[in-house]
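Remarks on the structure that follows.
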Amino acid sequence: MPELPEVEVVRAGLEPAVTGASVASVTVFDERSLRRHSGPSEDFIDRLIGRTFTAAVRRGKFLWLPLEPVRGDVTHILEAQDNGTAAAERSGVSAQQNVQSPEFPKEAVVVHLGMSGQVLLRTVDAPDDRLTRIRIELASPAHGALMMNFADQRIFGSMAIDELVPTADGQAAGLGSAQALVPRSVAHIARDPLDPAFDQRRFFAALAQRNTSIKRALLDQNLISGIGNIYADESLWAARIHYNQPTNTLSLAKAQLLLTEVRTVLAKALSEGGTSFDAQYVNVNGASGYFSHSLNAYGQQGKSCPRCGRPIARERFMNRGSHFCPHCQRLRISAALS
């Protein structure tokens, strides 16, 4: 699954094209790519056409495109008051909600890239990519008419319209918007280490209290988001920490070093366009990232460790692999984190 750098590259590519762009048409070629949407394809289409995207926002590996609210019809509100709740129920909100505010609940299109999802920007005369599942035609104030295509080979990804709810800490939900609103389906996801609102003291305290391995903790999106197998292995290698080191045995200094290395690795990967091993991850223009040339541990089994020269090893971990240097990253028991 694409990790934080890959999703951020996509978000940054989308931002100038979709911000302020209105939806002219929507075509759903494969309804499986709407599996997380609460209604049928007709509902997805009807609720998008004519709407305007206000931003492109990311938290961890999660990406969403906020929509301008639909303003309620005053006549419709009065009819709902006079005739009970039937008219309001057809709109999906109560009459009381409409009386209190002339806007429907704020919404966003949540984009799950899954294992192979791609969001591609195309000119309106460009042929659809072979694996296009959803096509959204946009009228952009900056770029004119263009297509935003969702392509997905393995069809694990999806698009869905979701309600925006207030963030638990009152801070901006993620990179790309100052709004303290997050999709309901993303609200449980922790902040990522590049987020200005990331609470590192809370993160260190959580590590000290958990009885698990450090790599499991790094992959826990409810604790810290955006990190997957690739960047966990790279960060642990950089910090010289064994992937199976118990979290509650890390000293505070070691935990601080690890977080520093996580941020360094993510920032470097981001500057290099992310990690592409095949054509399944590309940016919005179809270009691959090149951080794969900078990997020190992930996928390097059998090769010499860039630090000590001994072979990098790979061991099975959580139905996948952990790549590490057995000499540089020894399993240690040290003072408990405090």
Are V23 and L14 connected in a single hydrophobic cluster, I mean Ile/Leu/Val/Met/Phe/Trp/Tyr linked by side-chain heavy atoms less than 4.5 Å apart?
yes
Taking V10 as the starting point, is it possible to reach L175 by hopping between hydrophobic residues whose side chains are less than 4.5 Å apart?
no
Spacing of CG belonging to L236 relative to CG belonging to N296, to within rounding of 0.5 Å
12.5 Å
Are V109 and I136 side-chain neighbours, meaning at least one heavy-atom pair lies under 4.5 Å?
no
For the CZ atom on R35, are there more than 12 heavy atoms of other groups (residues, nucleotides or ligands in this structure) within a distance under 6.0 Å?
yes
Tell me whether R58 contacts the main-chain N or O of G60 through its side chain, where contact means a donor paired with an acceptor under 3.5 Å.
yes
May I ask you to test the E8-L194 pair for a side-chain heavy-atom distance under 4.5 Å?
no
Heavy-atom pair with the smallest gap, counting every atom of A269 and F291
CA-CD1, 3.5 Å
F203 and I224, any side-chain heavy atoms less than 4.5 Å apart
yes
Looking at every non-hydrogen atom in both residues, tell me the closest pair between L138 and A21 and how far apart they are.
CB-CB, 4.2 Å
Any link between I49 and V111 through a network of hydrophobic side chains (Ile, Leu, Val, Met, Phe, Trp, Tyr) touching at under 4.5 Å?
yes
Gap between atom CD of Q221 and atom CZ of F62 - 0.5 Å precision:
6.5 Å
Going by an N to O cut-off under 4.0 Å, is there a salt bridge joining R122 and D129?
yes
Could you tell me if the side chain of D233 sits less than 4.5 Å from the side chain of S322, heavy atoms only?
yes
Just to verify, what does A172 make a side chain to side chain contact (heavy atoms under 4.5 Å, CB included) with, not counting sequence neighbours?
none
Given 3.5 Å as the limit, does a donor-acceptor pair link the side chain of D162 with the main chain of S185, or not?
yes
Residues D128, F29; criterion side-chain contact (heavy atoms from CB on, under 4.5 Å); working and verdict:
CA-CA 11 Å; D128 290 319; F29 297 106; 3.7 Å; yes
List in chain and number order the residues that pass side chain to side chain contact (heavy atoms under 4.5 Å, CB included) with P16, two or more places apart in sequence or in another chain; answer none if no residue qualifies.
H143
N/O donor to acceptor pairs below 3.5 angstrom from side-chain atoms of residues 252-263, sequence neighbours left out:
{"from": "K254", "atom 1": "NZ", "to": "A239", "atom 2": "O", "distance (Å)": "3.0"}
{"from": "T260", "atom 1": "OG1", "to": "Q256", "atom 2": "O", "distance (Å)": "3.0"}
{"from": "R263", "atom 1": "NE", "to": "P193", "atom 2": "O", "distance (Å)": "2.7"}
{"from": "R263", "atom 1": "NH1", "to": "Q200", "atom 2": "OE1", "distance (Å)": "3.2"}
{"from": "R263", "atom 1": "NH2", "to": "P193", "atom 2": "O", "distance (Å)": "3.4"}

Distance from L219 atom CG to S213 atom OG, nearest 0.5 Å?
8.0 Å
Are the side chains of R191 and R202 in touch, meaning some heavy atoms are under 4.5 Å apart?
no
Is there a side-chain contact between I155 and L131 in this structure, where contact means two heavy atoms from C-beta onward sitting under 4.5 Å apart?
no
Tell me if a side-chain donor or acceptor on T247 pairs with a main-chain N or O of L207 at a distance below 3.5 Å.
yes
For S33 and F150, run side-chain contact (heavy atoms from CB on, under 4.5 Å): C-alpha distance rounded to whole Å, both residues' side-chain angles, the deciding distance at 0.1 Å, then the answer.
CA-CA 9 Å; S33 291; F150 181 72; 4.0 Å; yes
Residues P69 and R51: closest non-hydrogen pair is CA-NH2, 4.4 Å
So, Q179 side chain and G174 main chain: donor-acceptor pair closer than 3.5 Å or not?
no
Is the NZ or CZ atom of R216 both under 6.0 Å from the centre of the six-membered ring of F317 and within 45° of that ring's axis?
yes
Spell out, as yes or no, whether a donor-acceptor pair under 3.5 Å connects the side chain of N149 to the backbone of A151.
no
Say whether, by atom type as modelled, one donor and one acceptor occur between the side chain of R210 and the main chain of A217 under 3.5 angstrom.
no
Yes or no on side-chain contact (heavy atoms from CB on, under 4.5 Å) for T275 and Y298, after CA distance, side-chain angles and deciding distance?
CA-CA 11 Å; T275 304; Y298 183 86; over 6 Å; no
A17 versus L121, closest heavy-atom pair with distance
CB-CD1, 3.6 Å
Please test R59 against T167 for side-chain contact (heavy atoms from CB on, under 4.5 Å), starting from the C-alpha separation and ending with a verdict.
CA-CA 12 Å; R59 175 185 290 196; T167 56; 4.0 Å; yes
Any idea which heavy atoms bring R184 and V165 closest together, and the distance?
NH2-CG1, 3.2 Å
Below 4.0 angstrom, N of the basic side chain to O of the carboxylate: do E234 and K268 qualify?
no
Would the distance check show the side chain of R330 and the main-chain N or O of H327 forming a donor-acceptor pair, the cut-off being under 3.5 Å?
yes
Quick check on N211: does its CG atom have over 12 non-hydrogen neighbours (other residues, nucleotides or ligands) under 6.0 Å away?
no
Are the side chain of E137 and the backbone N or O of V26 linked by a donor-acceptor pair below 3.5 Å?
no
Could you work out, with side chain to side chain contact (heavy atoms under 4.5 Å, CB included) as the rule, every residue matching R314, not counting sequence neighbours?
Q301, H323
Supply the members, apart from M147, of the Ile/Leu/Val/Met/Phe/Trp/Tyr cluster built from side-chain contacts under 4.5 Å; use none for a lone residue.
V124
S158 and R36: side-chain donor and acceptor closer than 3.5 Å?
yes
Any chance you could measure E107, atom CD, to L181, atom CG, to the nearest 0.5 Å?
12.0 Å
Any N229 side-chain heavy atom under 4.5 Å of M318 side chain
no
Rounded at 0.5 Å granularity, tell me how far CD1 in I161 sits from OG in S38.
8.0 Å
Do I134 and F44 come within less than 4.5 Å of each other through their side chains, counting heavy atoms only?
yes
Whether E3 side chain and I230 backbone form a donor-acceptor pair below 3.5 Å:
yes
Residues R32 and D152 bridged, charged N to O under 4.0 Å
no
ILVMFWY clustering at 4.5 Å (side-chain atoms), partners of W237
I312
Heavy-atom pair with the smallest gap, counting every atom of G274 and V9
N-CG2, 4.4 Å
Rounded to the nearest 0.5 Å, what separates atom OG1 in T123 from atom CG in L146?
9.0 Å
Are the side chain of S41 and the backbone of E31 linked by a donor-acceptor contact shorter than 3.5 Å?
no
